[in-house]
Asker: 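Mind having a look at this structure? Questions to follow.
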Amino acid sequence: MKVLILGSGGREHAIGKKLLKDFHSMDLYFYPGNGGTDQIGKNLEKIYTPLELCLFAKKNAIDLTIVGSEVFLLEGIVDIFNNFKLKIIGPHYLAARLEGDRIFAKSFMKKYGVRTPKYKIFSCYQKAMDYLENTTYSVAIKTNGIASGKGVILVNNKNEAKKALNSILIDKKFGKSGNQVIIEELLKGNEASIISIFNGKNIIPFLSAKDYKKIGEKEIGLNTGGMGTIVPNPYMTSDVWIDFQKNILEPTLEGLFLEKLTFFGFIYFGLMITSNGIYLLEYNTRLGDPETQTLFPLMKSNLLNIIQSSIDQEYIYIYWKKLYSCCVVLSSKGYPKKYEIGKIIKGINSLKEPFYIAGAKKEKEKWITSSGRVLNLIGIGESIEKARKIAYNKVDQIYFENFYFRKDIGF
Ligand code: GLY
């Protein structure tokens, strides 16, 4: 069997490793991939447009394409593959807008009664400031497009609001992604990520995850792609699961049917658990990174069967190990702003599984950093504490100059 995996992070390395663990022999292709994926499959080296990827898949008889990164989804890659009758897992372009177009997503949530924080939309700087003058300056200001994960600014006072609105609506720092802003009520609580598989009829949730998004400990500083995760999320109690089912999942499913947005792929609910119930902050229409790296080591079921069940529109029961998983991300100095690369990494060759390469390459038998997020180190244990201890022990085995990690993952 030949599988093509699209993306270049630890998530794509984790998808590849899980498929090989389940199946042992399988030919994996990655585009663009990273130094880790290159060890378990073949990275496609030249630059491919979505159509060229499709032609590559056709010519090389690829049996299945798995889309990791949203970038491909928002280029409409699923529609192109579908036109060529090639098997691909992920939403078509119209459904991918649930992630790519925040205004579309919020309107969808409002229309179908998916519980979400209150919001207003503005394209005029002054009108947005006037609105804040009469409400509160404690809000999330979000660009209409996803802006490579950078379009969410949390503000707490007039100056911060001015700065954020100015950079989006006047200085156009986010380009077209910032043509409009959503000003959203800032909720206090605990975040949770629930990734699920959608088969066009049912949304089947995976274990819950807690993502640590900020660069600094205690959730301070800039947003990142994710600096660590624990699974399961300790705040997802059975009552919260029931609330999620009733107020988020079921109305989402109804909306997907009625808007004819059904698809075969992953849907990720970015949630806030508050004292007034669970709220949906955002949809992603893909697997999370580093949630995937934290989830897959606990997944007993065969990933390919899960994907196939989605394409076949069949319900599948997913089996999990009754353990805890903790992922610590090692990053380069400067990340999530401009970061250093080219540092020699010591210790990878003696690491025990599971671990994933996010941004490193192998040159003449040496591992070298090549991106902002470099490594995902995973601990699995009978408690969060044990899982965390194993993950941080792995951190102690790795060294590269100026490396950074959060010391509070799992606390
Ligand atoms: N970890 C957050 C994301 O994948 O978007």
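Ligands are counted one by one from 1 in listed order, and the atoms in each one are counted from 1 as well.
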Asker: Determine the interplanar angle of the Phe263 and His92 rings, folded into 0 to 90°, and report it as parallel if under 30°, tilted if 30 to 60°, perpendicular if over 60°.
Answerer: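 Ring orientation, 0 to 90° scale: perpendicular.
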
Asker: Can you name the atoms of ligand 1, numbered from 1 with element, that are less than 4.0 Å from a heavy atom of Gly288?
Answerer: 4 (O)

Asker: If you take the centroid of each ring, where Trp contributes its six-membered ring, are Phe56 and Tyr29 closer together than 6.0 Å?
Answerer: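 Yes, they do, as the ring centres are separated by less than 6.0 Å.
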
Asker: Given side chains that start at C-beta, do those of Val67 and Phe266 come closer than 4.5 Å, heavy atoms only?
Answerer: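 The answer is no; the side chains never approach within 4.5 Å.
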
Asker: Just go through Glu291, Gln293, Glu282, Arg286 and tell me whose heavy atom is the nearest to atom 5 (O) of ligand 1.
Answerer: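 Minimum heavy-atom distance to atom 5 (O) of ligand 1 goes to Arg286.
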
Asker: Please say whether the positively charged group of Lys210, taken as NZ for Lys or CZ for Arg, lies over the ring of Tyr212, i.e. under 6.0 angstrom from the six-membered ring centre and within 45 degrees of the axis.
Answerer: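 Because its charged atom sits under 6.0 Å from the ring centre and within 45° of the axis, Lys210 does stack over Tyr212.
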
Asker: Need the ligand 1 atom indices (1-based, order shown) with element for anything under 4.0 Å from a heavy-atom of Asp211.
Answerer: 1 (N), 2 (C)

Asker: Does Thr229 approach ligand 1 within less than 4.0 angstrom via side chain, backbone, both or neither, non-hydrogen atoms only?
Answerer: neither

Asker: Can Arg115 be said to sit on top of Tyr279's aromatic six-ring, NZ or CZ under 6.0 Å from centre and within 45° of the ring axis?
Answerer: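 Judged by the rule (NZ or CZ under 6.0 Å from the ring centre, within 45° of its axis), Arg115 counts as positioned above Tyr279.
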
Asker: Which ligand 1 atoms, with their elements, are less than 4.0 angstrom from a heavy-atom of Asn284?
Answerer: 5 (O)

Asker: Below 3.5 angstrom, do we get any N/O pair linking Lys213 and ligand 1?
Answerer: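 Min N/O separation from ligand 1 is not below 3.5 Å for Lys213.
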
Asker: Is it the case that Lys407 places NZ or CZ above or below the six-membered ring of Phe405, under 6.0 angstrom from the centre and within 45 degrees of the axis?
Answerer: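 So Lys407 does make the cation-pi contact.
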
Asker: In terms of atom number and element, which parts of ligand 1 are under 4.0 angstrom from non-hydrogen atoms of Gly225?
Answerer: 1 (N), 2 (C)

